[in-house]
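Positions are given from 1, in the same order as the sequence printed here. Just so you know, ligand 1 is whichever comes first in the structure, and atom 1 is the first atom listed for that ligand.
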Amino acid sequence: MKKTPFLTLEKAREITAQIPTPFHLYDEAGIRANARALKEAFSWNKGFREFFAVKATPNPYIVKLLHEEGCGCDCATYTELVLAEAVGVTGHDVMFSSNVTPEKDMRKAREMGVYINLDDATYVDFLAGMGDVPETVCLRYNPGGSFSLGNTIMDMPRDAKYGMTEDQMAGAINRLMKLGTKHFGIHAFLASNTTTNEYYPELAAQLFRLAVRLRNATGCHISFVNLSGGIGVDYRPEQPKCDIKVIGEGVRQRYEQILTPQGMDDVAIFTELGRFMLAPYGHLISTVLHQKHIYREYVGLDACAADLMRPAMYGAYHHITVLGKEDAILDHVYDVTGGLCENNDKFAIERSLPEIDIGDIVAIHDTGAHGHSMGYNYNGKLRSAEVLLKEDGSFQLIRRAETVQDYFATFDFTDFKFQY
Ligand SMILES: *Cc1c(COP(=O)(O)O)cnc(C)c1O
């Protein structure tokens, strides 16, 4: 399907007149509509809840907007917990799915009274060492082997550092019940960025069967199944797009086949989506600074891999629209690059695009999740601003761009008689 940006050149000019490029722009209307569609798709389940994976877009304005749509937060670190707390998202509005967890982080999670998702059975003692165990505890599962849909291997859980074995889960549940835990959740994240409607239903079926076995083995009460993240987006125009309604319906069928006959129809479905919630509703907006003609045609942007790491890191495809040239023929082939001293700093390689001029504004698509948040400061590049395009067409700076002062803030220059 043709990918169209959520803003026009005219709107981009209006914003760039006040906020210089590059910046990540988020589409409030799109974010809200998608969050509502997710809620609707799982409305058959009374306890359904999405805990937005904060790492995807750790901005308090985005977290607040999603909280208004009924979403909680999935946090993995002390800092992410503090971010959620700052927005007023705490207690059972937060899922703490961490691994290799420092004591400080676990204490903060206990203090906030959030749901704790244990990555390993050894964490039961870690938890018990901090006082009373919580009334509800979630356990992260790793089935080992490979995870397949039909004949396609999606991922290799046996190579993943996360979660625990089924026997370890049963042992942890028995110990926790003795210590006073009354309710349990189970969680697994077995494949990332899936674009098939079958991932969640298959994962749900595996977790529902596990829930039945664990209940039978230990007599515990399973109060929720956490399907975690993993629903992907169509980064490429020719890719299929997930249909959240079909996914919700697929999970409902497995629920009624597996849990309902076991009398387990009070189990709530939780999700921790990040990419699906935000990726399509973010664009990296950037201006063309230079062009060069050597063995290939190059277009140099004012954004670089420090603003969006995915292409450099994973060779990920991000669609690019030259604003104002949406309907022009794609009769030029360019490498679209940033200015890092790294040859992998390319947003696109040999991409067919319309003829580009210096000063053109481009929208790099699907940067709303794992975009700004994966930014870094290599080469002294400063992280870009974040801007929210509101439903009424107005816009708001929700994070300013970094300055040189920010970059130097962690140095003590006293020995150098220097102040920036
Ligand atoms: C990263 C992560 C998510 C979100 O994953 P997406 O692919 O962005 O949906 C959810 N849960 C956990 C534990 C994660 O690490």
Tyr334 six-ring centre to Arg296 NZ/CZ under 6.0 Å and within 45° of normal:
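No.
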Using the six-membered ring of Tyr235, assess whether NZ or CZ of Arg310 lies under 6.0 Å from its centre and within 45 degrees of the ring axis.
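Cation-pi check for Arg310 and Tyr235: passes.
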Whether Phe42 and Tyr200 hold their rings parallel, tilted or perpendicular, with breakpoints at 30° and 60°:
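Plane angle over 60°, so perpendicular.
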NZ-CG distance between Lys390 and Leu388, expressed to the nearest 0.5 angstrom:
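Nearest 0.5 Å value for the NZ-CG distance: 6.5 Å.
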Near ligand 1, which residues have a heavy atom under 4.0 Å away from one of its atoms?
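Close residues (ligand 1, cut-off 4.0 Å): Ala53, Lys55, Asp74, Ser97, Arg140, Phe189, Ser228, Gly229, Gly230, Glu272, Leu273, Gly274, Arg275, His370.
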Is Asp93 salt-bridged to Arg49, cutoff N-O under 4.0 Å?
yes
Counting only N and O atoms by type, is there a donor-acceptor contact under 3.5 Å from the side chain of Asn45 to the main-chain atoms of Ile269?
yes
